[in-house]
Visitor: 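What follows is a structure written as structure tokens; I'll ask about it next.
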There are 2 protein chains.
Amino acid sequence: MIEQEKISKEQLILEAAEQEFFIKGYDGARTTSIAQRAGVTHAMLHYYYRTKEQLFERIIEKYAKTIAETMLAAMGNPTMPIVERLKDGVSAHFDLVATNPLLPRFFLNEIIARPERYNLLYDKIKSIAGVLFASMQCEIDAAAERGEMERVDIRMLLMSILSLNIFPFIIHDFAQPVMGDLMANREQFIQQRKAENVEIIMRRIKKM
Amino acid sequence: MIEQEKISKEQLILEAAEQEFFIKGYDGARTTSIAQRAGVTHAMLHYYYRTKEQLFERIIEKYAKTIAETMLAAMGNPTMPIVERLKDGVSAHFDLVATNPLLPRFFLNEIIARPERYNLLYDKIKSIAGVLFASMQCEIDAAAERGEMERVDIRMLLMSILSLNIFPFIIHDFAQPVMGDLMANREQFIQQRKAENVEIIMRRIKKM
DNA sequence: TTTTGCGTTAACAAAATTGTTAGATAAAAT
DNA sequence: ATTTTATCTAACAATTTTGTTAACGCAAAA
């Protein structure tokens with residue numbers, strides 16, 4: 001046979017499942033439509049992955065690390081001075097979300113609908129966050145003392161960053177037709193939006 | 001019989017369905033668990049509402065107006081001067097979201113999973129938004145000309161407002177255990193968060 | 001008192017969705 | 001070439017979820 005691009009069906013099914021789960025969630029996704037999207041019969045899906053549940057697990061495993069990062073990356077690089085660390089954190093976090101734009105909505109929906117399922121991942125996020133909050137708040141207080149920035153609660157600030165960086169991707173498809181030309185060029189819009197978010201956060205912490 | 005609070009089963013089912021649909025979405029909700037939550041057999045659900053679909057419709061109808069408002073209310077009162085209009089808009093919009101904290105996530109999920117279904121509602125939002133964008137941008141440009149505020153794109157600004165006002169409610173249950181005492185008292189947290197969002201937006205448009 | 005109609009239940013039926021299997025086909029190994 | 005192994009299909013089976021119905025009770029109307 002000719003040297004064809006041999007993307008295995010196993011892989012095709014996984015990719016189709018990813019899209020289907022990300023858009024419709026676990027409950028909304030149908031094994032048959034996943035199979036259809038992958039161009040195989042649904043028997044193949046069960047042959048390779050046995051159950052819908054196991055197929056889903058595979059996807060969660062694949063993204064667990066990215067999920068945790070997406071919840072934490074806004075805290076930036078601990079070695080930088082706090083103001084730059086925050087500026088850099090917003091930017092880096094935005095890029096991370098932009099690389100996996102469907103992931104946050106998917107994960108938040110899943111954890112709301114079936115929290116038990118994600119206890120391990122969740123505990124991990126919690127413990128890391130707890131430690132980082134404390135040290136960042138400390139640095140912020142010190143910088144505020146020196147008059148370098150406004151004194152703010154790091155938790156509030158991080159919630160703002162997550163909101164600004166994640167929500168535009170949640171609302172993306174909904175907003176696009178409403179926004180005229182603003183979102184016509186996706187790449188360009190994403191760059192603008194990132195700059196806007198950095199600007200907002202920098203203004204928020206600027207000493208006035 | 002004693003003067004009991006006679007909440008009809010019909011009503012109980014509707015309320016149970018609301019919760020179930022809001023948390024799990026159309027696909028995740030089960031007619032049997034809706035019925036269970038309402039304390040009736042699932043036959044009653046079909047007796048009153050015939051199908052899951054029709055029950056769902058009833059809830060969409062009930063909230064259609066609120067949904068549209070939630071997407072638009074951030075634009076505030078057209079009679080106010082633009083800076084105050086925005087300040088007031090952020091605040092009023094936040095309150096609206098806080099009154100129906102589960103609604104935005106629910107609606108966004110639904111419209112992403114099955115867009116066809118919401119064409120009417122969506123078209124309505126689009127047409128209203130289009131007009132308001134133009135007139136608000138005009139006022140912003142004028143105010144900026146007069147040095148009263150920074151010149152900004154109203155669409156970007158509104159996306160920021162929606163992000164800040166809606167996302168905290170999406171992430172609420174997830175964030176609460178991570179945030180230490182910050183979210184321990186819900187009412188207090190909501191007030192703080194509202195003030196924070198107003199502050200962020202005001203700083204964003206402040207002339208510098 | 002009888003009738004009428006609503007609310008209710010339990011059992012059943014239908015449909016949708018997930019999961020299995022026996023065997024066909026092709027590819028790889030011996 | 002033959003055995004073995006992996007891939008695949010179609011038909012079927014099981015399960016879950018939704019929807020229906022027949023029969024019963026009960027309260028209000030006739």
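Throughout, a chain's letter reflects where its sequence line sits, starting with A, and its residues are numbered from 1.
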Visitor: Rounding to an integer number of Å, can you tell me how far A/Met44 CE sits from C/dA24 P?
Guide: 17 Å

Visitor: Has A/Lys9 got a side-chain N or O lying under 4.0 Å from the OP1 or OP2 atom of D/dT7?
Guide: no

Visitor: If we ignore angles and hydrogens, is there a donor and acceptor under 3.5 Å between the side chains of A/Asn109 and B/Asn109?
Guide: yes

Visitor: Would you kindly give the CD-to-P distance between A/Gln11 and D/dT7, to the nearest whole Å?
Guide: 13 Å

Visitor: Could you tell me whether the side chain of A/Lys124 and the main chain of A/Asn119 form a donor-acceptor pair under 3.5 Å?
Guide: no

Visitor: Going by atom type alone, with no hydrogens or angles, which donor-acceptor pairs under 3.5 Å involve a side-chain atom of residues 13-21 of chain A and a protein atom two or more places apart or on another chain?
Guide:
residue : atom : partner : partner atom : Å
A/Glu15 : OE2  : A/Gln11 : NE2          : 3.0
A/Glu18 : OE1  : A/Lys62 : NZ           : 2.9
A/Glu18 : OE2  : A/Tyr63 : OH           : 2.5
A/Gln19 : OE1  : A/Arg37 : NH1          : 2.8
A/Glu20 : OE1  : A/Arg37 : NE           : 2.9
A/Glu20 : OE1  : A/Arg37 : NH2          : 3.0
A/Glu20 : OE2  : A/Ser33 : OG           : 2.7

Visitor: Check each residue of residues 25-35 of chain A for a non-hydrogen atom within less than 4.0 Å of any atom in DNA chain C, then write out the ones that pass by number, or none.
Guide: A/Ala29, A/Arg30, A/Thr31, A/Thr32

Visitor: Return yes when atom CZ of A/Arg50 has more than 12 non-hydrogen atoms of other residues, nucleotides or ligands closer than 6.0 Å, and no otherwise.
Guide: no

Visitor: Should B/Leu164 and B/Arg193 count as side-chain neighbours, where that means a heavy-atom distance under 4.5 Å?
Guide: yes

Visitor: Going by atom types alone, do B/Glu110 and B/Tyr26 pair a side-chain donor with an acceptor below 3.5 Å?
Guide: no

Visitor: Less than 4.0 Å between a side-chain N and a carboxylate O, is that true for A/Glu53 and A/Arg58?
Guide: no

Visitor: Take atom CG of A/Leu12 and atom C1' of D/dC8, then tell me their distance rounded to the nearest Å.
Guide: 14 Å

Visitor: Quick one: does B/Arg155's side chain have a donor or acceptor within less than 3.5 Å of a partner on A/Val178's backbone?
Guide: no

Visitor: Using a 4.0 Å heavy-atom cut-off, write out nucleotides 20-26 of chain D from 5' to 3' as B (base contacted by protein), S (sugar-phosphate only) or - (no contact).
Guide: B------

Visitor: Look at B/Tyr48 and C/dT8 and indicate whether a side-chain polar atom (N or O) is within less than 4.0 Å of OP1 or OP2.
Guide: yes

Visitor: Expressed as a whole number of angstroms, how long is the span from A/Gln36:CD to D/dC8:C1'?
Guide: 17 Å

Visitor: Using whole Å, what does the distance between atom P of nucleotide D/dA10 and atom CG of A/Leu45 come to?
Guide: 16 Å

Visitor: Do the side-chain N or O atoms of A/Lys52 get closer than 4.0 angstrom to the phosphate oxygens (OP1, OP2) of C/dT17?
Guide: no

Visitor: Send over the distance from A/Glu53 CD to D/dT15 P, rounded to a whole Å.
Guide: 17 Å

Visitor: What do you reckon, is NZ of A/Lys206 surrounded by more than 12 foreign heavy atoms closer than 6.0 Å?
Guide: no

Visitor: Taking atom P of C/dT8 as reference, at what distance in whole Å does atom CD of B/Glu10 sit?
Guide: 10 Å

